[in-house]
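These numbers were taken from a predicted model, which means no experiment stands behind them. Naming convention: chains lettered A, B, ... in sequence-line order (proteins, then strands); numbering from 1 in each chain.
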Amino acid sequence: MKVKVISRSTGEFTRERSQDLQRVFRNFDPTLRSQEKAVEYVRALNAAKLDKIFARPFIGAMDGHRDSIKCMAKNPNYLKAIFSGSDDGDIRLWDMASRRTVCQFPGHQGAVQGLTVSTDGSILVSCGSDCTVRLWNVSDANVADSDYLSDNSAKPQAVYVWKNAFRAVDHQWDGDLFATAGAQVDVWNHNRSQPVNTFDWGSDTTISIRFNPGEPNILATSANDRSITLYDLRMSSPARKVIMRTKTNSIAWNPMEPMNFTAANEDCNCYSYDARKLEEAKCVHKDHVSAVMDIDFSPTGREFVTGSYDRTVRIFQYNGGHSREIYHTKRMQRVFCVKYSCDASYVISGSDDTNLRLWKAKASEQLGVVLPRERKKHEYLEAVKNRYKHLPEVKRIVRHRHLPKPVYKAANLRRTMIEAERRKEQRRKAHSAPGSIMTEPVRKRRIIKEVE
Amino acid sequence: MGAKKENSDDEMDEKVKKYLRGEAANLEGLKDKKLKGQLAVREDLYGKSAKTAAKIEKWLLPSEGGYLEAEGIEKTWRIKQESIAREVDILSSRNQYDIVLPELGPYSLDFTSNGRYMAAAGRKGHLAIVDMKTLNLIKEIQVRETVRDVAYLHNELFFAAAQKKYPYIYNRDGTELHCLKEHGAVLRLQFLKNHFLLASINKFGQLRYQDVTMGEMIGNFRTGLGRTDVMQVNPYNGVVALGHSSGTVTMWKPTSAVPLVKMLSHPGPVSSLAFHPNGHVMATSGRENKIKIWDLRKFEVIQTLPCHAKTLNFSQKGLLAAGTGSFIQILADFSGSQNYSSYMTHSMAKGYQVGKVLFRPYEDVLGIGHSMGWSSILIPGSGEPNFDSWVANPFETSKQRREKEVHSLLDKLPPETIMLDPTKVGTVRAAQKKEKPTKKEIEAEMEAAIETAKDTDFKKKTKGRNKPSKRATKRREMISRAKRPFLEQRTQEHETSRKKQKTEMPKSLQRFVRQKAT
């Protein structure tokens, strides 16, 4: 007879010394656990509720400017700092951790229209409506030296005067060229006081400009004639242009997929395009109720933040049609510029009320050092919430966002109007010969034509 | 070598199937490419995690199960407990004993879910809590009343005893915490672990569910089938099954006053009931000395065994213990195809009447409560050798116990999640055909609409425009406006029914179609 009975010796299953961790044994057999799905559902519900309890996205406001903030720039080498330029010519360098001005760069006579930092973090380029481009030396040593004295001001390294007022500036990702947008698109070198190259296609002012993060010679601009133009510096002639129904206020390239860019449009939507195929938008991001003023991608390339004229900041997913998150405050007026911080944790918005505001990218995220066990728990709760977020109770909690009343009403109005249009279109279709009326998808509808 | 590899592959496939928890979703019919891609990635992840879990089960689990193999012409059911005791180690042989307490009545037992503590209740009022690891008596009290049943609540600190008039809840120290007056004279108590519900069946056949965290009475149902003391909880889905004297087995959930299932299982009264831990197999026994093994998915009998059974219990590994008189039989299905055959037997001393058999979780031990006290015997292969610390830990410290209590309270399931098929949570319910509201319902709706119309307040007009006659006409107008949709619907229905009748009749008879008097 062969017989064996389960016998567990206490020594094997308990810890030896009190300073050891308690031993944990796992058996993943489903028969040991009953009603797993119901337990997961309850956990998803609790996770959704806890998320809402811990959702405190607003960290603080950076106060100091005396006029509305029109542009911001982030230094890719130094996470804590952000540059901002306002309508009275004041450029400041902020330390986000203490939310104080580190350094001021006075000099512009009119509004500062564009700010950008070179990729090695040494030069800050600013352009303004006083037809000047100023280069400032902002290398690490310089910045670290300054000691939170708000009087600390710096002298520009170079000032270049040109013919017309400038509207935007952007620096090449991998070289020492930068381009300005104004009456025409000019390409400059750091050391030359005159533009190296000029592009002029179309008769209207260019209002925004962005270099491609992957291809250092490609840049995208948007102009007042409702067009988005792609330029290639090597060809010294514009490459392509797409004309839409409304003007694009800002463009941002996806840092992880450099062939895609997203355009923030005046008709409250953002359009994501594939630069190789401009005849149709890849995705339309709808949720704002007024013109979208600025857009910036997260360094992960998975999300982008937009700031709009309707006093809200929204965060979208790169392929999502609707926003994941909305931030608003009573004190925040028209948002003119937004930036996603380089560690993908924070969002900075600059608005009409002379304040820069710092927000968390994930509203209920725990800041600071998160222990591995805590992190695993957060990841688990996130995953279980995503698994059940389509069920009514959980969906109601996850989707709920408080909207300011004007935004809520405007959104309802927009919805009614769009619904009415759609219904009329459907009825027209129903009462005409099948196939005679073709509805264009929204991705195509807003584009008038593409020009080579 | 090739055949061996094939065998092990089959084994792994079986294990992987177990961890997959069902079939993969059919993604062929999806037109949404984005969704299809996302779901395909997820299915892939499920496959990988099931494979990893199967590998962990094969290689990383610390303990192996018990077994009993007979050699030569020896049969396993002839092997006696004494011969087993000689072959196993001292620690295990300590688990075989008889506690003789003849004057305190038939004993009922309950184990905590980790198998560490046992509560024993003698009919004459003796309540005892024993720590099974050290075989220490933690506390015993004499309540000086009939005690019919005992059940542990969520951990070893609390247990409920069904005493003569009401059930009471006691602390580990023997302090009486609560007297549950609403339940009445309870015959059987069962605790639903995930929902923190205490279910009881009393002398009048009333089934009650009480939430022990807040003390709220969730359900109170008259079964209508008389007095019964056969009650078991299905651990898989939380459904309470009662066996009645008419031979029917009914299954209940706390949110409905009618049973979920009513099945006629035996020609005479049902004497006991037991559920397999996987939730699909149930064993019932009747007075006609037959044990029936049911498949709960199809509600069909898989096997009928000619065996006496006054009490039944399934072990974690699927062994079935049946006890009558002073004889206990253990049945096992070796092939996995639900074909039970005799595995072991045990006869106690002649005068002992078995009251309750209960397998101890995570140990190869069977606890027997009988008329002269309680005993414990070794049944190799009955317990789950590998426990999961976060489900039930026999080596729990008090700190771990407190943490576990908090976590299980956070994960407490609402009573609505009890259903026959617990995997339906989170799935899409098949579209139900909307039933037409009955005439009564329509009339009720109309009444409600008229009431709201009557209740509306009118604006107080000035300058002579607020004449009572005008107000009266306005009110009448509001009421007729509220009635209008219902009347329209009624006329429409008449029209359609008339048309239908007309078309149903052959043409020559259509002019004789009687129109229903309105």
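Without hydrogens or angle criteria, Ser34(A) side chain to Asn237(B) main chain gives no donor-acceptor distance under 3.5 Å. With hydrogens and angles disregarded, no donor-acceptor distance shorter than 3.5 Å links the side chain of Arg8(A) to the backbone of Phe395(B). Between the side chain of Lys133(B) and the backbone N or O of Thr10(A), no donor-acceptor pair lies under 3.5 Å.
For Leu391(A), the part lying near chain B is the side chain, with the backbone staying farther off; criterion is any non-hydrogen pair under 4.5 Å. No part of His280(B) comes within reach of chain A, as not one of its non-hydrogen atoms sits under 4.5 angstrom from that chain. With a 4.5 Å cut-off on non-hydrogen atoms, Arg33(A) touches chain B through its side chain but not through its backbone. Using a 4.5 Å cut-off between heavy atoms, Val42(A) touches chain B through its side chain atoms alone. Residue Pro235(B) touches chain A through its backbone alone, counting heavy-atom pairs closer than 4.5 Å. For Gln400(B), the part lying under 4.5 angstrom from a heavy atom of chain A is the side chain only. The parts of Phe28(A) that come within reach of chain B are both its backbone and its side chain, each placing non-hydrogen atoms under 4.5 angstrom from that chain. When heavy atoms are compared at a cutoff of 4.5 Å, Glu36(A) approaches chain B solely by way of its side chain, counted from C-beta outward.
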Given the rule in the side chain to side chain contact (heavy atoms under 4.5 Å, CB included) test, do Ile56(B) and Arg26(A) qualify, once you have shown the distances and angles that lead to the verdict?
-> CA-CA 9 Å; Ile56(B) 290 175; Arg26(A) 301 286 274 142; over 6 Å; no
Yes or no on side chain to side chain contact (heavy atoms under 4.5 Å, CB included) for Lys18(B) and Thr31(A), after CA distance, side-chain angles and deciding distance?
-> CA-CA 9 Å; Lys18(B) 176 170 73 162; Thr31(A) 43; 5.9 Å; no
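Contact of the Lys2(A) side chain with the Tyr67(B) side chain is registered, since non-hydrogen atoms from C-beta on lie closer than 4.5 Å.
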